[in-house]
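What you see below is based on every heavy atom in this structure, not just the backbone, and it leaves out hydrogens, waters and symmetry mates. Labels below follow one simple rule: chain letters A, B, ... track the order of the sequence lines, proteins then strands, and each chain is numbered from 1.
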Amino acid sequence: MEHYTMNLTLKVWRQKNQNDKGRFETYKVSDISSEMSFLEMFDVLNERLIHEGADPIAFDHDCREGICGMCSMYIDGKPHGPWQQNTTCQLHMRAFKDGDTITVEPWRAKAFPVIKDLVTDRTAFDRIIQAGGFISVNTGNAVDANSLPIDKHKADEAFAAAACIGCGACVAACKNSSALLFVGAKISHLALLPQGEPERKTRVMDMITQMDKEGFGACTSTGACEATCPKGISITNIARLNKEYLMAGLTADQ
Amino acid sequence: MTWKQVFTSSIGRKVTMGLTGIFLITFLVVHVGINACIWANDGGEMFNKAAHFMGSMVVIRIIEVGLFLFIFIHIIQGLALEISNRGKRGIGYAVNYGNRGSKWYSRSMGLIGTLILLFLILHWTNFWIPSRFTGVTDSLGIPLTKTYNGTEMHDLYSLMKITFAELWVVIVYVLGCISLAFHLAHGFQSAFRSIGVHNGRYNALLTSIGYGFSIIVPLAFAMMPVSFYLGWIS
């Protein structure tokens with residue numbers, strides 16, 4: 001694609017801290033390269049703000065390779081911006097054209113409170129994982145990979161579920177701010193593999209209990225989460241989670 | 001994990017919605033089947049007999065108690081979920097997410113369900129309450145009864161004829177059926193996902209059956225008041 005530069009208007013959510021009410025502020029950026037990533041465009045803007053003595057815009061980022069799940073940003077009505085199966089860091093400015101106005105908001109969910117500007121506190125996800133997203137293994141040398149036969153189809157499905165990077169876009173897109181695509185992916189990933197078997201029942205119960213405690217909504221199966229997921233996690237994982245939950249609930253000893 | 005915990009978690013509440021929803025779907029099959037007897041063109045004899053059987057058979061009356069229990073669980077749980085889900089966002093977005101990946105009716109189940117509830121209140125007032133409690137009468141208060149083979153029974157067929165002579169009633173019933181169609185279009189397939197059906201081939205099958213059901217059954221219901229109003233039934 002031909003390289004071009006563009007001038008843009010950005011409407012960005014600014015919020016000093018958790019207690020601040022917050023508001024949109026408008027910034028003009030010029031000579032933005034179509035080859036830049038969306039975050040690089042923010043870097044350019046932030047450098048200018050620092051030079052001007054203003055407070056730069058806070059946003060989450062880490063690997064900038066689309067695999068760490070740190071970047072967020074709700075861009076023009078969609079988490080991670082207009083492209084499909086893509087993270088904000090991998091969104092390039094060629095997705096926009098000269099003169100565009102882009103609205104950038106933080107993830108919106110009570111379970112993800114805004115820390116500053118576009119940075120939200122997503123440690124609720126960490127606590128859900130801590131509640132049950134692990135397996136028991138013996139320490140020592142890694143066992144031979146071929147010692148435990150796993151059906152190819154199941155291995156593929158588990159791998160597809162494990163692709164979840166825990167960015168929280170599903171929560172941001174869901175009308176109920178539900179975390180079920182995330183939890184569904186984490187449960188499916190382990191429920192499909194023999195290694196997940198020992199904690200199978202307690203895992204799903206504990207993770208759902210923690211999820212409810214964190215204040216995420218219930219699932220209405222609208223499909224909005226699946227459509228925005230940067231890793232293409234299937235909504236089927238939510239149905240599998242429901243089955244895992246029901247089986248665990250119906251067969252629990254006490 | 002107690003039973004209470006299992007059914008009051010966010011997933012448990014959806015399982016309740018799904019199970020009661022599936023029960024109500026099976027009820028719709030029975031309801032539409034019996035009501036379709038009005039098209040027998042026999043002056044309502046077949047329909048009145050079928051309705052009389054449903055009203056006098058003890059097994060059906062026991063199931064009816066369960067039906068109302070499930071309807072109210074579905075309504076109360078649905079409204080409670082809607083309120084709780086709406087409270088999870090906090091500050092709303094300036095730019096809406098819109099239709100990406102989801103249909104408007106799947107996001108409006110609470111609203112559509114409420115429309116169906118409003119319709120049901122009219123529907124119960126028109127038919128169920130008279131036939132069970134206040135008596136089936138015409139607009140002047142004269143009892144509507146028919147006697148077949150020596151058994152006297154409610155003439156619900158004539159009650160339908162009288163009720164559906166009013167255009168506004170027919171319009172409200174058709175709107176109620178349209179609401180039901182959209183509620184089923186999402187609810188049918190979603191109910192099975194809520195109770196954990198995740199196999200790809202079943203999901204595809206249930207989605208197709210769901211769309212078929214949500215068109216055919218509400219259409220059949222909507223044709224009943226329309227048939228009476230337009231005089232298609234003799």
> Select one option (side chain, backbone, both, neither) describing which atoms of Phe112(A) are under 4.5 Å from chain B's heavy atoms.
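No part of it gets close to chain B.
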
> Against chain B, work out which of Ser221(A), Gly223(A), Gly217(A) has the most heavy-atom pairs shorter than 4.5 Å and name it.
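Option with the greatest count: Ser221(A).
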
> Could you tell me which of Gly200(B), Gly87(B), Ser84(B), Gly12(B) has the largest number of non-hydrogen atom pairs under 4.5 Å with chain A?
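Heavy-atom pair counts peak at Gly87(B).
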
> Say whether Ser10(B) and Asp212(A), considering side chains only, have a donor N or O and an acceptor N or O under 3.5 Å apart.
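Side chains of Ser10(B) and Asp212(A): pair found under 3.5 Å.
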
> Flag the one option from His198(B), Glu82(B), Arg89(B), Met17(B) with the top tally of heavy-atom pairs under 4.5 Å to chain A.
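Between His198(B), Glu82(B), Arg89(B), Met17(B), the count favours Arg89(B).
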
> Considering only heavy atoms, which portion of Leu81(B) lies under 4.5 Å from any heavy atom of chain A: side chain, backbone, both, or neither?
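Interface part for Leu81(B): side chain.
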
> Output the option from Ser190(B), Gly90(B), Ala94(B) having the highest count of non-hydrogen pairs under 4.5 Å with chain A.
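When all of Ser190(B), Gly90(B), Ala94(B) are compared, Ala94(B) has the most.
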
> Does the Lys NZ or Arg CZ of Arg100(B) fall within the cation-pi geometry relative to Tyr97(B) - under 6.0 Å from the ring centre and within 45° of the axis?
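Relative to the ring axis of Tyr97(B), which defines the angle, Arg100(B) lies inside both limits.
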
> Does Met46(B) CE have over 12 foreign heavy atoms under 6.0 Å away?
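Not more than 12 within 6.0 Å, no.
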
> Contact part of Val171(A) toward chain B, heavy-atom cut-off under 4.5 Å: side chain, backbone, both or neither?
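Val171(A) touches chain B through backbone heavy atoms alone.
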
> For the OH atom on Tyr202(B), are there more than 12 heavy atoms of other groups (residues, nucleotides or ligands in this structure) within a distance under 6.0 Å?
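Open: at most 12 neighbouring heavy atoms sit under 6.0 Å from OH of Tyr202(B).
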
> Should the pair Phe7(B) and Trp3(B) be assigned to parallel (<30°), tilted (30 to 60°) or perpendicular (>60°) ring geometry?
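Answer is parallel, since the angle falls under 30°.
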
> Less than 4.5 Å to any heavy atom of chain A: does that hold for the side chain of Ser9(B), its backbone, both, or neither?
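For Ser9(B), backbone and side chain are both near chain A.
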
> To the nearest 0.5 angstrom, please state how far the CG atom of Leu219(B) sits from the CZ atom of Phe221(B).
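Reported to 0.5 Å precision, the distance equals 11.5 Å.
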
> Where on Pro106(A) is there a heavy atom nearer than 4.5 Å to chain B: the side chain, the backbone, both, or neither?
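Backbone of Pro106(A) only, per the 4.5 Å heavy-atom cut-off to chain B.
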
> Please state whether the side chain, the backbone, both or neither of Gln189(B) comes within less than 4.5 Å of a heavy atom of chain A.
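Neither part.
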
> When heavy-atom pairs shorter than 4.5 Å are enumerated against chain B, which of Cys225(A), Cys174(A), Ser178(A) gives the highest number?
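Of the options given, most contacts go to Cys174(A).
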
> Counting heavy atoms not belonging to Arg23(A), are there more than 12 under 6.0 Å from its CZ?
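Enclosed.
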
> Chain B: which of Ser234(A), Ala172(A), Pro113(A), Ala227(A) shares the most heavy-atom pairs with it under 4.5 Å?
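Most heavy-atom pairs within the cutoff with chain B belong to Ala172(A).
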
> Please identify, among Gly98(B), Gly18(B), Ser194(B), the residue contributing the most non-hydrogen atom pairs under 4.5 Å to chain A.
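Going by pairs under 4.5 Å, I would pick Ser194(B).
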
> Salt bridge (Lys or Arg N to Asp or Glu O under 4.0 Å) for Arg61(B) and Glu64(B)? Distances and angles first, verdict last.
CA-CA 5 Å; Arg61(B) 294 302 296 271; Glu64(B) 190 183 31; 3.1 Å; yes

> Between Arg108(A) and Trp13(A), is NZ or CZ placed under 6.0 angstrom from the six-membered ring centre and within 45° of the ring axis?
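Arg108(A) over Trp13(A) ring: yes.
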
> Pick one of side chain, backbone, both or neither for Ile238(A), based on which atoms fall under 4.5 Å of a heavy atom in chain B.
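Contact with chain B involves no heavy atom of Ile238(A) at all.
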
> In terms of heavy-atom proximity below 4.5 Å to chain B, should Thr220(A) be classed as side chain, backbone, both, or neither?
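Contact with chain B: backbone and side chain both.
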
> Does the plane of the ring in Phe119(B) sit parallel, tilted or perpendicular to the ring in His123(B)? Use 30° and 60° as the thresholds.
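Parallel.
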
> Which residue out of Arg240(A), Glu105(A), Lys243(A), Lys11(A) racks up the most heavy-atom pairs below 4.5 Å with chain B?
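Heavy-atom pairs under 4.5 Å are most numerous for Glu105(A).
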
> Does any heavy atom of chain A fall under 4.5 Å from the side chain of Arg86(B), the backbone, both, or neither of them?
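Looking at Arg86(B), nothing touches chain A.
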
> Is there a donor-acceptor contact under 3.5 Å linking the side chains of Thr88(A) and His80(A)?
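Indeed, the side chains of Thr88(A) and His80(A) share at least one donor-acceptor pair under 3.5 Å.
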
> With only heavy atoms counted, which part of Val15(B) is less than 4.5 Å from chain A, the side chain, the backbone, both or neither?
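Interface part for Val15(B): side chain.
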
> Taking side chain as everything from C-beta outward and backbone as N, CA, C, O, which of these in Met211(A) sits under 4.5 Å from a heavy atom of chain B? Side chain, backbone, both or neither.
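Just the side chain, heavy atoms under 4.5 Å.
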
> Before giving the answer on side-chain hydrogen bond (donor to acceptor under 3.5 Å, both in side chains), spell out for Glu199(A) and Ser136(A) the whole-Å C-alpha distance, their side-chain angles and the decisive distance to 0.1 Å.
CA-CA 8 Å; Glu199(A) 297 91 358; Ser136(A) 299; 2.3 Å; yes

